[in-house]
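Predicted, not measured: the structure shown is a model, and the values here were computed from it. First the proteins, then the strands, lettered A, B, ... as listed; each starts at 1.
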Number of protein chains: 2
Amino acid sequence: MDKEIIYDIRQFNRFYTKVLGLFNNQILDTDYSLTEARILFEISERTECIANNLVQELNIDRSYMSRILRKLEREDLIKKKSSTIDSRKNFLFLTKKGEELLGKINIQSDEQINQLFNGLSDSEINEIRISMMIIKEKLDKNKF
Amino acid sequence: MDKEIIYDIRQFNRFYTKVLGLFNNQILDTDYSLTEARILFEISERTECIANNLVQELNIDRSYMSRILRKLEREDLIKKKSSTIDSRKNFLFLTKKGEELLGKINIQSDEQINQLFNGLSDSEINEIRISMMIIKEKLDKNKF
DNA sequence: TATTAAATGTGGACTATGTCAACTAAAGGA
DNA sequence: TCCTTTAGTTGACATAGTCCACATTTAATA
């Protein structure tokens with residue numbers, strides 16, 4: 001692969017690290033971290049979500065996940081229900097409070113996106129969006 | 001801004017968080033973290049680089065930066081030279097060992113990129129590259 | 001079926017990473 | 001001169017993440 005292309009890609013990676021960094025350090029208008037927010041999000045998106053799904057999807061150590069989930073349960077954001085078929089597994093659900101929090105986080109995230117794109121024209125925004133979809137689609141099919 | 005567009009952007013952000021996460025947890029074929037690697041990189045790219053530049057560019061706390069730099073100096077990867085004009089400032093330089101390490105990290109990073117894009121056609125790779133440049137250019141001019 | 005292997009989750013002990021506030025020292029104004 | 005800003009350091013602390021050993025349960029297979 002061409003040096004110049006690799007250079008551009010690494011430059012993009014550095015750049016987008018910064019973008020995501022800014023985002024992620026702002027979730028904390030609530031008392032929760034990005035990781036916790038993503039866990040709530042994944043639980044809400046999945047049916048029959050178990051801890052191990054999250055471990056794989058978010059690349060987090062099992063023991064660490066166990067502790068995070070315990071914390072979220074203590075704070076009444078999620079609840080666990082042991083599977084009747086396989087008693088090793090605990091299905092995870094959001095509580096009402098958890099859903100409310102996720103809703104709040106979603107609103108904030110939308111707001112962040114709006115700020116980031118503020119000032120760009122509709123056609124520019126759409127160019128960016130298309131670009132994102134191209135990247136995701138091509139890399140996704142390839143590796144993830 | 002349209003709900004659907006925001007949805008796509010957030011999806012991309014989650015996706016790219018994962019991509020960068022994989023990358024960043026592999027730097028550790030050396031004994032150094034991504035942050036340390038980025039610091040070496042920035043020092044090598046800049047002339048008259050001082051700690052405060054890194055603090056701003058990488059969004060890292062001053063005190064934390066101070067400690068990281070001390071560690072890198074102890075390990076003989078960088079050295080500091082006090083400015084003669086403004087004695088508050090320490091200009092940062094890579095040592096020979098630091099340059100060698102950065103070189104090694106660069107080779108590994110190139111390799112990672114190659115792996116990520118492995119299997120894609122030249123035209124697909126170029127599409128991704130163009131997409132990245134569009135995103136960077138538009139957001140960069142806007143915010144960063 | 002008996003045995004072994006793999007999956008799921010937990011707990012203890014630890015290291016790494018990051019944050020906050022207080023401080024020194026020098027430089028740049030007004 | 002006095003006040004403010006900039007650059008960097010230190011101590012104390014908090015949060016995040018890792019490693020290893022372990023218990024249970026299920027799956028695989030000889």
Side-chain angles (χ1 to χ4, degrees), chain A residues 17-18 20-40 42-43 46 48-75 78-93, chain B residues 17-18 20-40 42-43 46 48-75 78-93:
Chain A
T17 297
K18 210 161 42 161
L20 291 173
L22 280 189
F23 270 44
N24 301 348
N25 291 327
Q26 281 173 11
I27 293 268
L28 321 166
D29 209 39
T30 68
D31 286 339
Y32 297 90
S33 69
L34 171 74
T35 301
E36 288 165 329
R38 290 240 20 219
I39 288 171
L40 296 181
E42 291 294 333
I43 292 174
R46 289 163 185 268
E48 307 207 325
C49 177
I50 65 170
N52 220 34
N53 301 146
L54 302 173
V55 162
Q56 280 160 18
E57 177 67 27
L58 305 179
N59 234 296
I60 289 176
D61 180 84
R62 290 209 319 280
S63 66
Y64 187 30
M65 181 61 71
S66 171
R67 274 177 264 257
I68 294 173
L69 291 175
R70 193 202 300 154
K71 182 194 162 207
L72 295 179
E73 198 179 22
R74 264 204 316 267
E75 295 180 4
I78 67 169
K79 54 181 183 295
K80 299 176 183 175
K81 273 184 198 157
S82 184
S83 163
T84 48
I85 301 159
D86 181 346
S87 67
R88 291 170 306 179
K89 298 178 181 174
N90 293 313
F91 294 128
L92 303 171
F93 303 91
Chain B
T17 297
K18 211 162 42 162
L20 291 173
L22 281 189
F23 269 44
N24 301 348
N25 291 328
Q26 280 173 13
I27 295 268
L28 320 167
D29 207 39
T30 68
D31 285 339
Y32 296 90
S33 69
L34 172 72
T35 300
E36 289 164 329
R38 290 239 23 218
I39 288 171
L40 296 181
E42 291 294 335
I43 291 174
R46 290 162 185 268
E48 308 207 323
C49 178
I50 65 171
N52 220 33
N53 299 149
L54 302 172
V55 162
Q56 280 161 18
E57 176 67 27
L58 305 179
N59 233 297
I60 288 176
D61 181 83
R62 289 206 324 278
S63 66
Y64 188 30
M65 181 61 71
S66 172
R67 273 177 264 257
I68 294 173
L69 292 176
R70 194 200 299 156
K71 183 195 162 205
L72 295 179
E73 198 180 19
R74 264 204 316 268
E75 295 179 4
I78 66 170
K79 54 180 181 296
K80 301 177 183 173
K81 273 185 199 156
S82 183
S83 164
T84 49
I85 302 159
D86 182 344
S87 68
R88 291 170 306 178
K89 297 179 181 172
N90 293 313
F91 294 127
L92 304 170
F93 303 92

**Study point:** Beyond-backbone contact of B/Leu54 with B/Ile60, side-chain heavy atoms, under 4.5 angstrom
**Key:** no
Practice prompt. Please determine if a side-chain N or O atom of A/Ser33 lies less than 4.0 Å away from the OP1 or OP2 oxygen of D/dT15.
Written response: no
B/Ile39 CD1 to C/dA16 P, in whole Å, measures 16 Å
dist B/Leu72:CG -> B/Leu92:CG (nearest 0.5 Å) comes out at 9.5 Å
D/dC19 phosphate, OP1 or OP2, under 4.0 Å from A/Ser63 side-chain N/O:
no
note: A/Met65, atom CE; C/dG11, atom P; distance rounded to Å ~ 16 Å
Whole-Å distance, A/Arg74 CZ to C/dG11 P, equals 11 Å
How is A/Ile68 classified with respect to the nucleic acid when contacts are heavy atoms under 4.0 Å: base, sugar-phosphate, or nothing?
nothing
A/Asp61 CG to C/dT15 P, in whole Å, measures 16 Å
query = Reckon A/Ile50 touches a base, only the sugar-phosphate, or nothing at all at heavy-atom distances under 4.0 Å?
reply = sugar-phosphate
Just N and O in the side chain of B/Lys71: are any of them under 4.0 Å from OP1 or OP2 of C/dT17? no
Taking D/dT9, C/dA7, D/dC20 as options, the one with an atom nearest any side-chain atom of B/Ser66 is D/dT9
**Asked** With a non-hydrogen cut-off below 4.0 angstrom, is B/Asp86 in contact with a base, only sugar-phosphate, or nothing?
**Response** sugar-phosphate
Item to complete: Return no unless some side-chain N or O of A/Asn52 is found under 4.0 Å from OP1 or OP2 of C/dT8.
Response: yes
Rounded to whole Å, CD of B/Glu57 lies from C1' of D/dA7 at a distance of 18 Å
A/Leu92 atom CG is separated from C/dG9 atom C1', nearest whole Å, by 11 Å
note: A/Tyr64, atom OH; C/dT17, atom P; distance rounded to Å ~ 13 Å
- Query: Does C/dA25 have OP1 or OP2 sitting under 4.0 Å from an N or O in the side chain of B/Lys89?
  - Reply: no
Applying side chain to side chain donor-acceptor pair (under 3.5 Å) to A/Thr17 and not counting sequence neighbours gives none
If we only count heavy atoms from C-beta on, is the B/Phe93 to B/Ile78 side-chain gap below 4.5 Å? no
| query | Which part of the nucleic acid, if any, lies within contact of B/Ile85, taking any heavy atom under 4.0 Å across all strands shown: a base, the sugar-phosphate backbone alone, or nothing? | reply | sugar-phosphate
Contacts of B/Arg62 and B/Arg67 projected onto DNA chain C by closest heavy atom; the upstream (5') one is B/Arg67
Closest non-hydrogen contact found for A/Glu48 with A/Asn53 is O-OD1, 3.9 Å
CD of A/Glu73 to CG of A/Asn90, rounded to nearest 0.5 Å, is 8.0 Å
note: B/Asn90, atom CG; D/dT9, atom C1'; distance rounded to Å ~ 11 Å
Could you tell me whether the side chain of A/Arg88 has a donor or acceptor atom within less than 3.5 Å of a complementary atom in the base of D/dT25?
yes
- Query: Side-chain N or O of B/Arg70 less than 4.0 angstrom from OP1 or OP2 on D/dT10?
  - Reply: yes
